[in-house]
A.B. asks: 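Dumping the structure here so I can ask a few things about it.
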Amino acid sequence: MTLGTAFIFLANSEKLKGRVVDFFSAFGRVPFFYYILHLYLIHLIAIFFAELSGFGWQTMILEEWVNDSAALKGFGYSLWIVYAVWIGVIILLYPICKKFDNYKQNNKDKWWLSYL
């Protein structure tokens with residue numbers, strides 16, 4: 001159901017233009033670059049919020065991988081904060097992705113850029 005709707009939307013939105021389309025196209029032209037950046041940024045934000053909430057950044061790093069995450073029981077925030085962080089990450093990474101996209105478009109002779 002959701003894939004069918006998404007495919008219909010993609011087929012009919014191919015010729016759209018405007019600022020919103022340009023905004024999302026910046027991420028679409030550098031997907032792997034965005035993926036790597038957002039993973040590291042979200043982990044840093046999670047460490048910051050763990051420290052802020054009293055769990056400690058050491059607990060976030062060590063307990064998450066070594067143990068069963070029992071020390072992180074109760075860690076988390078409400079959904080509106082998660083959405084705010086998500087929107088903040090997108091807004092924060094947009095200029096970086098846009099600059100890299102411009103660099104990628106102006107340096108097509110560098111074959112390795114196509115992998116990022």
Side-chain angles (χ1 to χ4, degrees):
M1 180 83 176
T2 57
L3 282 177
T5 306
F7 289 146
I8 290 170
F9 173 76
L10 286 173
N12 292 317
S13 65
E14 195 169 310
K15 295 178 183 167
L16 292 177
K17 297 197 184 319
R19 293 177 66 181
V20 175
V21 174
D22 291 340
F23 178 80
F24 288 111
S25 293
F27 295 111
R29 286 190 293 265
V30 291
F32 186 65
F33 181 75
Y34 171 77
Y35 177 74
I36 296 299
L37 284 180
H38 102 281
L39 279 180
Y40 285 107
L41 180 62
I42 288 174
H43 277 86
L44 285 173
I45 291 171
I47 289 170
F48 173 75
F49 276 118
E51 188 67 34
L52 192 68
S53 64
F55 283 90
W57 65 271
Q58 295 94 347
T59 305
M60 179 58 113
I61 293 174
L62 297 176
E63 294 295 329
E64 183 178 5
W65 299 106
V66 176
N67 293 334
D68 236 357
S69 297
L72 290 173
K73 189 168 180 78
F75 175 72
Y77 290 91
S78 61
L79 193 56
W80 73 269
I81 293 175
V82 174
Y83 282 150
V85 169
W86 169 57
I87 291 169
V89 165
I90 290 174
I91 291 171
L92 190 67
L93 291 181
Y94 174 74
I96 299 168
C97 289
K98 187 72 172 167
K99 283 185 189 267
F100 185 70
D101 178 38
N102 289 337
Y103 180 76
K104 205 171 151 180
Q105 295 298 323
N106 293 329
N107 295 292
K108 292 190 180 211
D109 55 323
K110 296 180 180 173
W111 61 270
W112 57 271
L113 285 175
S114 65
Y115 293 102
L116 294 176

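Position 1 is the first residue of the sequence, and the numbers go up from there.
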A.B. asks: For the residue pair Phe9 and Thr5, establish whether any side-chain heavy-atom pair is separated by less than 4.5 Å.
C.D. replies: no
A.B. asks: Please report the interatomic distance CG(Leu39) to OH(Tyr34), rounded to the nearest 0.5 Å.
C.D. replies: 9.5 Å
A.B. asks: Following the transitive rule for hydrophobic clusters with a side-chain heavy-atom cut-off under 4.5 Å over Ile, Leu, Val, Met, Phe, Trp and Tyr, establish whether Leu52 and Val89 coincide in one cluster.
C.D. replies: yes
A.B. asks: Less than 4.5 Å apart, any side-chain heavy atom of Asp101 and any of Phe33?
C.D. replies: no
A.B. asks: Just how far is it from atom CD1 of Ile47 to atom CD1 of Ile42, taken to the nearest 0.5 Å?
C.D. replies: 12.5 Å
A.B. asks: Taking all atoms of both residues into account, what is the closest heavy-atom pair of Arg29 and Lys104, and its distance?
C.D. replies: O-NZ, 3.0 Å
A.B. asks: Of all residues at least two apart in sequence or in a different chain, which pass the side-chain contact (heavy atoms from CB on, under 4.5 Å) check with Ser78?
C.D. replies: Trp80, Ile81
A.B. asks: Return the set of residues passing ring-ring contact (aromatic ring centres under 6.0 Å, His included) with Phe23 (not counting sequence neighbours), or none when no residue passes.
C.D. replies: Phe27, Tyr94
A.B. asks: Quick one: does Phe24's side chain get under 4.5 Å of Val20's, heavy atoms only?
C.D. replies: yes
A.B. asks: Show your working on side chain to side chain contact (heavy atoms under 4.5 Å, CB included) between Leu44 and Phe48 and close with a plain yes or no.
C.D. replies: CA-CA 6 Å; Leu44 285 173; Phe48 173 75; over 6 Å; no
A.B. asks: Calculate, to the nearest 0.5 Å, the distance between atoms CG and CG belonging to Asn102 and Asn107 respectively.
C.D. replies: 10.5 Å
A.B. asks: Distance check, rounded to the nearest 0.5 Å: Ile91 atom CD1 versus Trp86 atom CH2?
C.D. replies: 10.5 Å
A.B. asks: Between NE2 of His38 and CD1 of Ile45, what distance do you get to the nearest 0.5 Å?
C.D. replies: 10.5 Å
